[in-house]
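Down below is the structure, laid out as structure tokens.
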Amino acid sequence: MNTVYSIGELESFLVAILVLFIGHSVNRHVAFFRKYNIPEPIVGGLIVAAIITILHFNNISLEFTLSMQNTLMLMFFSTVGLAASYKLLLKGGSKVFIFLGIASLYIIIQNAVGVSMATALGLEPLMGLIAGSITLSGGHGTGAAWAQTFSEDYGINTLEFAMAAATFGLVMGGIIGGPVAQRLINKNNLVSSYGVGGNHHKDHPDLVTYDQLEEDRVTAKSILEVLFILLFCVAGAKWIGTLVATMDISWLKMPDFVYALFIGVVITNITEVSRGYKINSECIDILGTVSLSLFLAMALMNLKLWEIFDLAIPLLVILVTQTMILALFAYFVTFRVMGSNYDAAVMAGGHCGFGMGATPTAVMNMGALVTRTGPSPQAFMVVPIVGAFFIDIVNAIILQGYLSFIV
């Protein structure tokens, strides 16, 4: 008989913070994790998820209450928008479209690998799309949506496979990003143009680093001001999402975090042009780092690792192959096309994150890197914009193209 224990809101929040402490402690004592910048939420989250999995197989289930998880994600993407002033957008605008081209090319390759391997292993070709960009570039939400479509239109039940594949991708995307980028940085002797260590905020007041170890000079008043702006972005994103759904405006229908990001972009550029108020970049940095860390801790401690154990061996083979191909693509293609410099190496690590998992995983990879190797504001502008907005549109178009040939 399975015994279920419901963990309250406060206790669940405490466990999320504990996940980060566990990750920090393990990284500090294990040289491999430290050397290759494996993010702390991944390390701590997997340890807690493993404990929960052991309890699951002993007929004990833990159910966390994580109502803040979505809000924290929206807060983080709001900080990405608030950090994207028009000066930075103009400076790195072309990189957004170059990176989009690379990511789009990889989605085509990802689905080609999935479909061809599924066919060779005797599976339904549609399963190759599930083990391709539907779950790996799309994540859990996209996987669930397409599983429903496959069930209704083609009579194939793929929901369990989709959730398992998305879980596998989320974990592997966070594991391979750091080593790939670190290898590029070490091999090519790359350094951040802002330097390593020191007080970046003092030398570059407008810089948002997402560096957990950065020394910030903030006040209670400035924290409250930026927190108000972030919550305004979150509330605005939810309001727009509800409005779009109510009015059934399909062309405007996007994930809420995209709305939050663009509200942040609008606010920061209005304040910059008007010069009536300056948003404290150090507060953006702190609140963005905290909200991202807690969001990912909550996501990972809530993983059902036993879904991966239930994967059919052929699907597991496909997913392992997809992981290796993405690592090679990011290393040899993404890095070179994006300029073969420090920012390109950080973006390659980010590409591993959302090419296998999700945009927050990409940012987590990059955050772990810049904490040790120096800021890369261009990477933090390019990757989230492509991963949060453009890639979902491209993914849908490419998937429709594959379906027209397969079905």
Quiz item: Can you check side chain to side chain contact (heavy atoms under 4.5 Å, CB included) on F168 and L316, steps first, answer last?
Solution: CA-CA 9 Å; F168 182 93; L316 195 57; 3.9 Å; yes
Spacing of [atom1] belonging to [X] relative to [atom2] belonging to [Y], to within rounding of 0.5 Å:
{"X": "L184", "Y": "T334", "atom1": "CG", "atom2": "OG1", "result": "9.5 Å"}
{"X": "T373", "Y": "Q182", "atom1": "OG1", "atom2": "CD", "result": "6.0 Å"}
{"X": "N395", "Y": "I134", "atom1": "CG", "atom2": "CD1", "result": "7.5 Å"}
{"X": "F232", "Y": "I267", "atom1": "CZ", "atom2": "CD1", "result": "5.5 Å"}
{"X": "F354", "Y": "Y106", "atom1": "CZ", "atom2": "OH", "result": "11.0 Å"}
{"X": "L261", "Y": "F76", "atom1": "CG", "atom2": "CZ", "result": "9.0 Å"}

Any donor and acceptor pair, going by atom type alone, linking the side chain of [X] with main-chain N or O of [Y] inside 3.5 Å?
{"X": "T371", "Y": "G367", "value": "yes"}
{"X": "E63", "Y": "V4", "value": "no"}
{"X": "N111", "Y": "S133", "value": "yes"}
{"X": "Y402", "Y": "I108", "value": "yes"}
{"X": "Y342", "Y": "G374", "value": "yes"}
{"X": "S192", "Y": "P375", "value": "yes"}
{"X": "T268", "Y": "V265", "value": "no"}
{"X": "Q110", "Y": "G355", "value": "yes"}
{"X": "T79", "Y": "I284", "value": "no"}

Quick one, [X] and [Y] - any side-chain contact, counting heavy atoms below 4.5 Å?
{"X": "Q378", "Y": "M347", "answer": "yes"}
{"X": "S376", "Y": "M366", "answer": "no"}
{"X": "F13", "Y": "M298", "answer": "yes"}
{"X": "Y331", "Y": "K187", "answer": "yes"}
{"X": "V115", "Y": "F405", "answer": "no"}
{"X": "I22", "Y": "V43", "answer": "no"}
{"X": "L136", "Y": "L326", "answer": "no"}
{"X": "I98", "Y": "M338", "answer": "yes"}

Self-check item: V234: which of T71, N70, I263, L72 passes side-chain contact (heavy atoms from CB on, under 4.5 Å)
Solution: T71
Quiz item: So among L287, D285, L292, which one has a side-chain contact (heavy atoms from CB on, under 4.5 Å) with T289?
Solution: D285
Locate the shortest heavy-atom distance separating [X] from [Y]; write the atom from each residue and the value.
{"X": "P384", "Y": "A379", "result": "CD-O, 3.6 Å"}
{"X": "T361", "Y": "G174", "result": "CG2-N, 3.5 Å"}
{"X": "G45", "Y": "V19", "result": "N-CG1, 3.3 Å"}
{"X": "C233", "Y": "S78", "result": "CB-OG, 3.1 Å"}
{"X": "V386", "Y": "A103", "result": "CG1-CB, 4.4 Å"}
{"X": "A297", "Y": "L20", "result": "CB-CD2, 4.0 Å"}

Practice problem: Apply side chain to side chain contact (heavy atoms under 4.5 Å, CB included) to K238 and L74, showing your working. | Solution: CA-CA 9 Å; K238 292 183 176 181; L74 295 178; 3.7 Å; yes
Quiz prompt | Residue pair E40 / S293, side-chain donor-acceptor N/O under 3.5 Å | solution = no
Self-check item: Residues, nucleotides or ligands: over 12 heavy atoms within 6.0 Å of Y277 OH
Solution: yes
Practice problem: Using the side chain to side chain contact (heavy atoms under 4.5 Å, CB included) rule, take V180 and N365 through it: C-alpha gap first, then chi angles, then the decisive distance, then the call. | Solution: CA-CA 10 Å; V180 166; N365 287 348; over 6 Å; no
